[in-house]
Amino acid sequence: MLGRPSRPGVVLLLAGVLVLFVGVIAQLAVTDGLAETLWVVVSIIGAVGIVAGVTVLVRHANANRPPED
């Protein structure tokens, strides 16, 4: 039976999703070159947060797996 997921992993994943969502919505709303570039960078940061969160969750799940016979 799997235990609870790690809190840092869940936080990273949710924060990454939120930042990515805001970045994509902002990209659609702006037309200025500098502002659009800024929101692209924010979206990339959100994507990195999602990857980091998934990595933490996978490592936590592997560490809490019962030993094999």
Considering all heavy atoms, the nearest R4-H60 contact: O-NE2, 3.1 Å
Please report, to 0.1 Å, the donor-acceptor pairs under 3.5 Å made by any side chain of residues 7-20, with sequence neighbours excluded.
none

Straight-line distance of W39 CH2 to I45 CD1, nearest 0.5 Å: 10.5 Å
Heavy-atom check, side chain of T55 versus side chain of V51, under 4.5 Å: yes
Minimal non-hydrogen separation, P5 against L57, with atom names: CB-CD2, 3.7 Å
